[in-house]
**Q** 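Below is a structure I'd like to ask you about.
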There are 2 protein chains.
Amino acid sequence: MSVQERKERERAARERLIVATARELAEQQGWDAVTTRLLAERIEYSQPVLYSHFRGKREIIGAVALEGAAEMAAAVRAAVSGANSPRERVAALARAYLDFAERNPAVYDAMFQLDGGLAFADEDTPAPLKDAFAALLESLGEVAGDGVHPGLFTEVFWAALHGLATLTRAGRLPPQDTEPRVELLVDRLAMV
Amino acid sequence: MSVQERKERERAARERLIVATARELAEQQGWDAVTTRLLAERIEYSQPVLYSHFRGKREIIGAVALEGAAEMAAAVRAAVSGANSPRERVAALARAYLDFAERNPAVYDAMFQLDGGLAFADEDTPAPLKDAFAALLESLGEVAGDGVHPGLFTEVFWAALHGLATLTRAGRLPPQDTEPRVELLVDRLAMV
DNA sequence: ACTCGATCCTAGCACTGCTAGACAAGCGAG
DNA sequence: CTCGCTTGTCTAGCAGTGCTAGGATCGAGT
């Protein structure tokens with residue numbers, strides 16, 4: 001069975017290569033440039049190979065989104081761990097979130113803007129997505145305030161961050177005032 | 001010159017027909033279904049006619065977005081006018097905003113999600129967009145709180161609403177808890 | 001060494017946004 | 001009333017998209 005195991009390993013490696021290449025291409029030239037043809041050429045295989053790994057382009061986007069969710073969760077947790085007061089934890093979380101969105105715009109798009117065919121806020125939501133939300137909940141739950149459901153508070157805070165991230169990146173908000181916006185958001189929403 | 005005037009009138013009418021049909025089609029079947037072919041068929045002209053009115057599909061989306069911005073501004077102002085306390089004004093504004101996004105998802109997408117080729121937060125931003133932001137500013141500026149720039153406060157509040165609207169509609173947030181989310185947002189952010 | 005199944009690629013389909021060039025309709029001039 | 005000409009419209013087609021059927025090829029197990 002060693003042969004089969006090797007093939008499966010190689011296959012898994014190729015799948016990772018597809019996802020990594022798609023992500024790289026999207027970050028460099030935007031998701032519009034991630035055509036199945038160009039992606040196939042970059043991984044040095046023909047188009048149909050992509051479809052032996054994924055149902056279609058949507059699933060490739062979804063795979064990038066899952067990868068991004070795991071990274072974002074880690075980034076948020078790392079940022080939070082360096083702060084000691086609840087106020088600083090929330091501020092660090094907000095900055096880490098917006099920073100991630102700014103540095104990985106294509107991944108952020110894959111997660112929230114594009115259709116990756118992923119289920120959200122559901123029982124069959126993929127684990128990385130649930131965990132990313134959990135990472136937010138861990139720090140935000142403690143500042144929800146009396147009588148406010150931590151989950152609900154996290155949703156609202158997250159929505160505010162998401163709004164700032166998308167509107168800024170789409171040119172709807174001038175980018176220079178990000179820091180005061182974060183300050184305002186944290187000061188008002190979090191009960192410290 | 002009467003002949004030319006008539007022609008210009010007819011041409012303007014056809015342009016309105018294009019925008020209205022695109023919007024209708026998008027609301028019914030989503031923007032993916034708004035292909036230039038189908039749109040042309042619906043208005044009972046051939047494809048190139050579309051390109052004699054707009055540079056391309058982007059500009060058609062942009063036209064829908066401008067129409068939507070005007071309507072949203074009106075909806076917000078109408079909702080606000082019925083409330084007397086600042087607290088109620090802000091709450092009414094928030095509900096009107098989210099209500100508009102929910103009832104006109106395709107228009108909302110044209111405004112904020114899709115690329116309509118419009119300039120934002122810029123000097124050559126089209127008037128309807130500036131006015132829509134002004135409509136928000138009128139009611140939100142008064143509850144910004146001491147020492148907080150009204151424009152900055154409006155941006156943050158708007159971003160929060162935008163986040164709630166998009167995440168809810170994309171299935172990222174369960175739709176039933178919209179009202180408590182609005183309550184939380186208004187209670188915390190607005191200084192009344 | 002050979003068979004046969006897994007794996008991959010070539011070629012192509014239906015569709016997209018967009019455009020060149022042929023064609024017809026309707027205007028103003030004689 | 002007729003004739004040229006501008007203006008407007010349509011047919012046909014291009015290049016590119018996601019996706020797939022079917023044949024070629026390669027390699028593992030007998």
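Here is the naming used below: chain letters follow the sequence lines, and residue numbers restart at 1 for every chain.
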**Q** Rounding to a whole Å, what distance do you find between B/E41:CD and C/dT16:P?
**A** 11 Å
**Q** In whole angstrom, what separates A/Y51's OH from C/dC9's P?
**A** 15 Å
**Q** Distance check, rounded to the nearest 0.5 Å: A/I61 atom CD1 versus A/L66 atom CG?
**A** 12.0 Å
**Q** Report the distance from atom CD of B/Q47 to atom C1' of C/dG17, rounded to the nearest whole Å.
**A** 8 Å
**Q** Could you check which of C/dC18, C/dT19, D/dG18 has an atom nearest any side-chain atom of B/P48?
**A** C/dT19
**Q** Considering only C/dA20, C/dC8, D/dG18, which nucleotide approaches the side chain of A/R37 most closely?
**A** D/dG18
**Q** Could you tell me the separation between the CH2 atom of B/W31 and the C1' atom of C/dT16, rounded to a whole number of Å?
**A** 16 Å
**Q** In whole Å, what is the span from the CG atom of B/L50 to the P atom of D/dG8?
**A** 16 Å
**Q** Rounding to a whole Å, what distance do you find between B/E44:CD and D/dT9:P?
**A** 14 Å
**Q** When you check the gap from the basic side-chain N to the acidic O, do B/R23 and B/E71 get nearer than 4.0 Å?
**A** yes
**Q** Using a 6.0 Å distance limit plus a 45 degree cone around the ring axis, check whether A/R14 lies over the aromatic ring of A/Y45.
**A** yes
**Q** Between B/R87 and B/E142, does any NZ, NE, NH1 or NH2 come within less than 4.0 Å of an OD or OE carboxylate oxygen?
**A** no
**Q** What is the distance, to the nearest angstrom, from the CD atom on B/E59 to the P atom on C/dC18?
**A** 10 Å
**Q** Less than 4.0 Å between a side-chain N and a carboxylate O, is that true for B/R95 and B/E183?
**A** yes
**Q** Scan A/T35 against the nucleic acid and name what it touches under 4.0 Å (heavy atoms): base, sugar-phosphate only, or nothing.
**A** sugar-phosphate
**Q** Check the distance between C/dC18's P and B/F54's CZ and give it to me in whole angstrom.
**A** 12 Å
**Q** Compare side-chain N and O positions of B/T36 against OP1 and OP2 of C/dG17 and report whether any pair is under 4.0 Å apart.
**A** yes
**Q** Between D/dC19, C/dC9, C/dA20, spot the one nearest the side chain of A/Y45, thanks.
**A** C/dC9
**Q** Nearest heavy atom decides the nucleotide; on that basis, is B/R14 or A/D32 closer to the 5' end of DNA chain D?
**A** B/R14
